[in-house]
Amino acid sequence: MSETTYLQAIHDALREELLRDPRVFLLGEDIGVYGGAFKVTKGLLQEFGEQRIMDTPISESAIIGVAVGAALTGMRPVAEMQFADFITVGFSQIVTNAATLHYRHGLAVPLVVRAPSGGGIHGGPFHSKNPEAWFMHQPGLKIVAPATARDAKGLLKSSIRDDNPVLYFENKFLYRRIKEVIADEEEVLVPLGRASVYRPGRDVSLITYGAMVHAAQQAAEILATQDGIEAEIINLRTLKPLDQAALTATVAKTNRVVIVHEANLTGGIGGEISALLIEHAFEWLDAPIKRIASLDTPTPYSPILEEAFMPDAVKIIAAVREVMHY
Amino acid sequence: MSETTYLQAIHDALREELLRDPRVFLLGEDIGVYGGAFKVTKGLLQEFGEQRIMDTPISESAIIGVAVGAALTGMRPVAEMQFADFITVGFSQIVTNAATLHYRHGLAVPLVVRAPSGGGIHGGPFHSKNPEAWFMHQPGLKIVAPATARDAKGLLKSSIRDDNPVLYFENKFLYRRIKEVIADEEEVLVPLGRASVYRPGRDVSLITYGAMVHAAQQAAEILATQDGIEAEIINLRTLKPLDQAALTATVAKTNRVVIVHEANLTGGIGGEISALLIEHAFEWLDAPIKRIASLDTPTPYSPILEEAFMPDAVKIIAAVREVMHY
Amino acid sequence: MSSISDEIKIKLLTVMLKTRATEEKIVSLYRQGQIVGGVYTGYGLEATTVASALTLEKQDYLFPIHRDLGAHLAKGQSVLNILLQYLGRADGLSRGRESGIHFSDTRLRIIGNVSHLGAMIPVAVGAALGGRMQGESSVALNYIGEGGSNIGDFHEGLNFAAVQNAPFVLIIENNRYAYSTPAYKSSRCEKLADRAIGYGMPGVQVDGNDALEIYRIVKAAVQRAREGQGPSLIECLTMRMAGHSAHDDAAYMDKKQLAEYARRDPIHLLERRLLEEKIIDRSYLTRVRQQVSEEIEAAAEAALAAPLPDPAGVSDGVYA
Amino acid sequence: MSSISDEIKIKLLTVMLKTRATEEKIVSLYRQGQIVGGVYTGYGLEATTVASALTLEKQDYLFPIHRDLGAHLAKGQSVLNILLQYLGRADGLSRGRESGIHFSDTRLRIIGNVSHLGAMIPVAVGAALGGRMQGESSVALNYIGEGGSNIGDFHEGLNFAAVQNAPFVLIIENNRYAYSTPAYKSSRCEKLADRAIGYGMPGVQVDGNDALEIYRIVKAAVQRAREGQGPSLIECLTMRMAGHSAHDDAAYMDKKQLAEYARRDPIHLLERRLLEEKIIDRSYLTRVRQQVSEEIEAAAEAALAAPLPDPAGVSDGVYA
Ligand SMILES: Cc1ncc(C[n+]2csc(CCOP(=O)(O)OP(=O)(O)O)c2C)c(N)n1
Ligand SMILES: Cc1ncc(C[n+]2csc(CCOP(=O)(O)OP(=O)(O)O)c2C)c(N)n1
Ligand SMILES: [Mg+2]
Ligand SMILES: [Mg+2]
């Protein structure tokens with residue numbers, strides 16, 4: 001049984017859904033002949049043809065707008081942003097059209113926008129963005145951010161089957177860096193809206209998602225050996241809607257929280273989570289909630305700067321020690 | 001001495017800065033002959049001419065992009081969005097270009113984007129938006145939201161003089177509904193980054209901004225007479241950067257907090273404020289922080305629905321009573 | 001292109017009359033304070049909105065914008081539904097969630113607009129492609145003002161349509177003003193229809209007050225799209241005969257140009273034509289006007305009596 | 001338009017040679033792992049980038065994009081600054097904050113691009129207007145690929161420039177591919193230059209490998225803009241002679257077309273021309289190549305030895 005990378009898992013999810021449902025189609029820049037900038041869609045044009053694997057002009061607003069229109073007629077488009085950074089160009093179509101059509105008119109918009117996000121690859125300010133928090137504030141959207149190959153597959157398949165617009169932020173740093181065994185015959189479906197306990201622990205909760213799940217894991221291992229601290233890692237998987245029950249449960253168990261995300265600190269999803277915990281789990285908190293995130297700057301290019309900018313195990317460990325000694 | 005409305009205060013600030021600094025110019029849709037959709041710029045074309053009061057095509061992305069470019073050459077543009085809702089079209093220019101130029105290249109972008117925001121006027125989903133939180137997450141921006149005529153004037157003048165891109169969210173519900181005496185000879189300047197105590201109180205802090213300052217005031221008056229609760233109202237004025245010192249000070253005094261904003265609850269600025277208070281003022285908190293905000297839906301049109309959707313004094317009072325009885 | 005049947009000609013006139021009368025009713029309800037949101041009329045644009053939408057078939061998708069009440073009516077919408085919508089009633093098509101002209105009707109394949117000008121263009125192109133992908137012979141028809149034609153989505157949407165050879169038709173309603181801004185301050189090209197050259201699609205300019213000519217031209221473009229020959233751009237040159245919205249006194253508008261266009265009122269032009277061609281007579285006209293007016297009054301009465309939405313349900317339906 | 005002086009012709013050739021050699025050095029540093037970010041070369045575009053930017057004067061604003069290293073060099077940038085930038089060094093123009101080709105130099109009035117294609121067009125128009133407002137006779141020159149010309153900002157920016165009669169020139173670098181996407185899949189118009197019609201400005205298509213012709217045409221457009229006659233659109237028809245970026249093997253590219261264009265290499269074309277016109281001789285060429293190569297090697301050595309940024313300062317300068 002061979003192992004499936006995070007990237008391959010995304011590919012497989014697309015392929016399986018294309019096979020399962022003739023209403024599914026893909027659109028985006030260079031996704032056809034080239035197989036996408038990261039080769040996620042490699043081979044799909046050959047298998048499914050130009051009707052279902054649609055190369056588009058460089059027009060992110062139209063890509064999303066067209067996807068919304070096709071969704072309204074009953075299709076299930078999966079749009080790709082070549083880099084998550086360029087979702088800014090389609091921002092208005094997402095928050096204005098896609099997000100509101102059901103509330104305003106009762107019209108379902110079964111649409112997925114895939115957006116390769118995240119840093120650590122020396123992409124500089126415009127090839128490293130984690131844009132999820134921008135969309136947190138818009139009613140009507142769902143937001144997904146897988147941390148593992150299995151989640152990547154299962155969440156994408158669920159996103160495609162969901163009747164709502166789902167923003168699927170895949171972390172491009174993870175593409176070829178993580179893999180796990182996924183059996184061919186297994187139908188992997190991870191439900192939207194449900195977090196998972198990535199690592200159980202009794203002492204402190206690390207609430208995180210995406211690539212930072214792995215930084216948290218590294219931190220947790222060191223904390224366990226060096227400090228005897230057992231950190232519980234909550235892998236959010238879906239960012240909107242948040243899994244309130246899972247959040248409350250972990251805090252009730254550990255009484256201490258560090259939230260970790262790769263997006264910039266201020267205005268990030270960490271603030272929302274912190275506020276929710278205060279509102280719904282105040283009595284269980286024995287220490288202030290800490291947030292570890294990227295600095296409040298654009299992502300700098302030079303590796304030495306990028307490293308200082310991004311959260312990592314070292315920063316997480318320091319934060320955990322702080323809340324443990326509160 | 002006559003009274004100046006919130007709208008007139010904005011007009012006066014623009015006029016005074018146009019007179020003071022030849023580098024200041026305005027651009028936007030219908031701001032010239034028509035004086036703007038809300039008549040904020042009425043008369044300015046006649047006084048300053050077409051070079052400085054520039055009517056533009058319907059192109060929000062270009063309006064902001066052009067303003068960025070002019071700012072780079074040393075001008076100080078003030079761009080108007082006809083309604084704050086349409087800032088989505090210029091979103092990419094704001095977060096991509098305006099916000100990052102100084103960090104990336106050391107280039108100052110002295111630019112103000114004025115955006116009439118807010119509901120309560122039966123504008124429906126696309127003429128009622130409070131978009132400030134979208135921009136909270138972007139390093140390099142400043143965000144301002146005046147609640148009084150004096151603040152409207154003083155913050156706008158400071159924004160125009162600031163060397164950074166400032167998003168100025170003026171609440172259109174307040175335009176003609178509030179006024180105060182501002183002497184002609186007085187130079188009103190309200191510094192960016194500093195909150196004010198709109199109403200002092202000892203029992204609970206209402207942290208808010210924009211139109212909700214007035215809802216909070218209404219609530220505070222009722223709470224004082226009916227419950228003997230003295231609420232302190234913090235009028236944030238600047239949302240980015242937040243006035244951390246003022247936030248800590250009020251919590252240290254009252255030990256109880258209700259955050260109020262008109263924007264949708266989830267992903268709103270309330271989450272960030274709550275998280276900051278937890279991080280920096282945890283020891284002073286005697287009760288969970290509550291957030292009162294608009295429901296997580298697009299702004300519904302029908303007045304009976306809009307009323308249910310928006311925060312008001314009644315909802316604020318209920319929240320205060322809850323945190324007081326915790 | 002075959003000639004237009006008498007039946008269609010009468011239909012054109014009837015729907016145009018109904019459009020004018022319904023809008024007059026909406027303005028009057030607005031002045032009475034019954035309608036509280038923005039009201040944008042299509043006065044003077046009735047030929048453009050009605051004649052274009054009347055070319056559509058049942059399976060076609062209509063994407064009207066803020067002045068296109070005539071297009072809604074042409075595609076089969078009822079006056080009652082329109083007034084329930086404008087009055088924010090529970091049984092309105094948007095259940096009180098959307099303001100005035102922003103409403104959809106899946107039954108009729110009408111998709112309501114967002115306020116953001118141009119934003120519906122890519123969406124309409126997507127609907128055109130979605131229909132084609134499902135083997136339908138449907139066409140999507142969308143509108144944009146001459147002012148709105150300067151927004152980025154116009155460019156991205158039309159270019160996308162061209163590349164995909166989408167069954168899509170876009171009407172530019174060049175009514176000379178965008179709010180207070182005259183067209184020459186919005187763009188400097190000779191004809192907006194010429195923007196089609198930059199997308200490699202046909203673009204024509206047509207008299208926006210000539211219902212029959214518009215019908216012919218749009219019908220041909222829709223036919224072309226349906227046959228797989230791709231998208232078209234059609235510019236209707238007309239005039240906005242009132243302020244931007246019901247609260248705008250239009251002081252800035254060119255009075256001479258308005259007077260000129262008043263003499264070329266699209267409804268009067270068509271009436272005269274049909275009378276000349278003896279397709280109708282004066283008494284028929286009186287009768288139709290009477291019927292329209294009765295329908296509208298009855299609808300208004302029913303709509304005003306209809307219940308408001310229940311605020312308890314305000315949060316329902318954010319997700320499908 | 002007067003003829004081009006020998007001095008300019010030599011300058012053109014020299015900067016084009018330097019552009020090619022500098023890019024080759026950048027690619028080699030990339031392959032050695034010294035440069036870690038994306039590297040996009042302008043191989044084959046040297047006539048387009050250099051000849052256009054060489055028409056500018058000191059007070060003019062240059063807005064180059066991702067393949068326009070030649071334009072930076074033409075406006076006076078040094079190879080050392082370029083390599084410091086690509087290597088993310090502390091003394092690079094962006095102090096290590098920006099990747100490769102994204103750098104500004106206020107001294108030279110060069111504004112670096114963001115990755116978002118087309119986003120610089122309105123910004124460049126704004127700089128053109130800002131200059132005019134301050135009574136300068138400056139012109140702004142910006143570039144866009146044929147692929148990027150389908151983004152909304154292209155439309156909004158050009159239309160805005162036309163309405164304001166801005167001293168602005170936009171070059172479309174039609175190099176037949178946008179990443180892997182051939183031009184015919186990006187747009188369906190005959191000539192992208194024809195999009196100018198939709199904005200009411202002149203639009204011309206020119207051989208993007210003919211440095212002298214480009215210089216002439218762009219010079220005239222810049223002149224026109226400087227004299228207050230408004231913006232222009234110029235399409236340079238050329239060919240991307242390598243993959244999209246240094247990591248792309250370009251397997252999808254049309255080999256025949258590539259071979260054809262290899263025979264029309266813009267540097268060789270200009271060399272031959274200058275030799276024919278006896279403006280230079282072979283020995284001169286050898287000497288120039290030698291000089292360029294020495295300058296680049298010296299710059300590379302210095303740049304590699306230069307210090308990295310201090311991570312302690314990573315948060316500085318978010319605000320002015
Ligand atoms: C993106 C955007 N910007 C601004 C507005 C505000 N606005 C609404 S209608 C209008 C004028 C539209 O003019 P035009 O497109 O010519 O259509 P018309 O009203 O003349 O039919 C404006 C500026 C908007 N709705 N959307
Ligand atoms: C808005 C946006 N979408 C996507 C990209 C990713 N991208 C970078 S370069 C490129 C191809 C550009 O092609 P073209 O404009 O023809 O320029 P060329 O590279 O051929 O010179 C793409 C798709 C981007 N930078 N910006
Ligand atoms: Mg108009
Ligand atoms: Mg290209």
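Treat the numbers as computed from the prediction; the structure is a model and nothing was measured. First the proteins, then the strands, lettered A, B, ... as listed; each starts at 1.
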Which bit of [X] comes within less than 4.5 Å of chain B, counting heavy atoms only: side chain, backbone, both or neither?
| X | value |
| --- | --- |
| D/Ser104 | both |
| D/Asp105 | neither |
| D/Ile121 | neither |

Which region of [X], side chain (C-beta onward) or backbone (N, CA, C, O), has a non-hydrogen atom less than 4.5 Å from a non-hydrogen atom of chain D, or is it both or neither?
| X | answer |
| --- | --- |
| B/Glu50 | neither |
| B/Leu141 | backbone |
| B/Val89 | side chain |
| B/Thr96 | both |

Largest heavy-atom contact set with chain B, pairs under 4.5 Å, which of [options]:
| options | result |
| --- | --- |
| D/Gly157, D/Ala161, D/Ala119 | D/Ala119 |
| D/His155, D/Arg97, D/Met120, D/Arg109 | D/Arg97 |
| D/Glu136, D/Arg95, D/His116 | D/His116 |
| D/Ala124, D/Ala320, D/Ala127 | D/Ala320 |
| D/Asn113, D/Ile111, D/Asp153 | D/Asp153 |

May I ask you to check whether B/Ser117 and B/Glu132 show a side-chain donor-acceptor distance below 3.5 Å?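 There is no such pair (donor and acceptor under 3.5 Å, judged by atom type) between the side chains of B/Ser117 and B/Glu132.
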Any chance the side chains of D/Gln59 and D/Ser137 put a donor and an acceptor closer than 3.5 Å?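 The criterion, which ignores hydrogens and geometry beyond distance, is satisfied for D/Ser137 and D/Gln59.
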Ring-plane angle category for [X] and [Y], please: parallel below 30°, perpendicular beyond 60°, tilted otherwise.
| X | Y | answer |
| --- | --- | --- |
| D/Tyr61 | D/Phe63 | tilted |
| D/His72 | D/Phe103 | parallel |
| B/Phe135 | B/Phe169 | tilted |

Take D/Thr48 and D/Tyr143, measure what side chain to side chain donor-acceptor pair (under 3.5 Å) needs, and give me the verdict at the end. CA-CA 10 Å; D/Thr48 295; D/Tyr143 301 81; over 6 Å; no
Among B/Leu72, B/Asp163, B/Asn97, B/Val68, residue most engaged with chain D (heavy-atom pairs, under 4.5 Å):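 Most pairs with chain D among the choices: B/Asn97.
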Return the option, out of B/Pro22, B/Ala108, B/Ser61, with the maximum number of heavy-atom pairs under 4.5 Å with chain D.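 Between B/Pro22, B/Ala108, B/Ser61, the count favours B/Ser61.
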Between B/Lys240 (side chain only) and B/Met136 (backbone N and O only), is there a donor and an acceptor less than 3.5 Å apart?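 Yes, because the side chain of B/Lys240 sits within donor-acceptor range (under 3.5 Å) of the backbone of B/Met136.
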Between D/Arg67 and D/Glu173, is there a salt bridge with N-O shorter than 4.0 Å?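 Judged by the 4.0 Å cut-off on N to carboxylate O distance, D/Glu173 and D/Arg67 do not form a salt bridge.
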When rounded to the nearest 0.5 angstrom, what is the spacing between CG in B/Leu155 and CD1 in B/Ile10?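 Rounded to the nearest 0.5 Å, the CG-CD1 separation comes out at 10.5 Å.
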